[in-house]
Amino acid sequence: QVQLQQSGAELVKPGSSVKISCKASGYTFTSYDMHWIKQQPGNGLEWIGWIYPGNGNTKYNQKFNGKATLTADKSSSTAYMQLSSLTSEDSAVYFCAREDPQGFDYWGQGVMVTVSS
Amino acid sequence: DIQMTQSPASLSASLGETVTIECRASEDIYSNLAWYQQKPGNSPQLLIYDANSLADGVPSRFSGSGSGTQYSLKINSLQSEDVASYFCQQYNNYPYTFGAGTKLELK
């Protein structure tokens, strides 16, 4: 069965960076776009971008240009998102999700990132 | 960016009732719309794609309709397990955008 297993919660300091992972299993990792979505407490969902692990192509929401960097490792079927120059506005739960391509049919469990000194 | 305006923001309904959630796009999204259910502490789950297609494993009491800029999600015969937040999402244009969500509670 398809599973997206994300890394654990992160507590990081303002100005630092964090890299979170999303390990895929149960399907051909290189054949589907992997998306990343942000959800702040009590808030809605915000699309960050996608990566196509087959060739490394990426597409970002302009709002996250310079903030998020998406990569993928085909050998381990793992997608990564690095967030840089962290501020309190980056404190959120971050999900990875596979695009079917009509909609996100599988989601990771989410990673809570807390930015605090 | 395409704005997705979802209503109502919250909704209280009784077991067995039929509820409808609306989503309006700021421009035509050509039925490139999905609906998700999110229960507290969980990830969102795909309910509907292409505006009216039921995702695998989703109960038939859920249905979607609409076209152009106006879309709706209907839940027939509300069950206790349907208590959740619901989000619409357009995938017609980048950046993909979501509605602000509807929180559904039992009356």
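Model, not experiment: these values are computed from the prediction. All chains are named by letter (A, B, ...) in the order of the sequence lines, taking the proteins before the strands, and each is independently numbered beginning at 1.
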With respect to chain B, which residue among A:Gly110, A:Gly44, A:Gly103 yields the maximal number of heavy-atom pairs within a distance under 4.5 Å?
A:Gly103
Of A:Gln40, A:Gln39, A:Lys63, the one forming a side-chain hydrogen bond (donor to acceptor under 3.5 Å, both in side chains) with A:Glu46 is A:Lys63
Between A:Tyr106, A:Trp50, A:Tyr60, who has the most heavy-atom pairs with chain B when the cutoff is under 4.5 Å?
A:Trp50
Measuring heavy-atom distances to chain B, does A:Phe95 have an atom under 4.5 Å in its side chain, in its backbone, in both, or in neither?
side chain
Return the option, out of A:Asp100, A:Leu45, A:Asn61, with the maximum number of heavy-atom pairs under 4.5 Å with chain B.
A:Leu45
Do side-chain atoms of A:Gln3 reach the backbone of A:Ser25 as a donor and acceptor pair under 3.5 angstrom?
no
Among B:Asp28, B:Asn32, B:Thr97, which one satisfies side-chain hydrogen bond (donor to acceptor under 3.5 Å, both in side chains) with B:Asn92?
B:Asn32
Using heavy-atom distances under 4.5 Å, tell me whether B:Tyr96 contacts chain A through its side chain, its backbone, both, or neither.
both
From NE2 (A:His35) to CD1 (A:Ile51), nearest 0.5 Å
11.0 Å
With a 4.5 angstrom heavy-atom cut-off, could you sort out which part of B:Gln38 is near chain A: side chain, backbone, both or neither?
side chain
Check whether A:Lys59 gets within reach of chain B through its side chain, its backbone, both or neither, counting any heavy atom under 4.5 Å.
side chain
Mind ranking B:Ala100, B:Ser43, B:Pro44 by heavy-atom pairs under 4.5 Å with chain A and telling me who comes out on top?
B:Pro44
Value rounded to 0.5 Å, distance of OG1 in A:Thr71 from CE in A:Met34:
11.5 Å
Hey, what do you get for CG (B:Leu54) to CG (B:Leu46), rounding to the nearest 0.5 Å?
9.0 Å
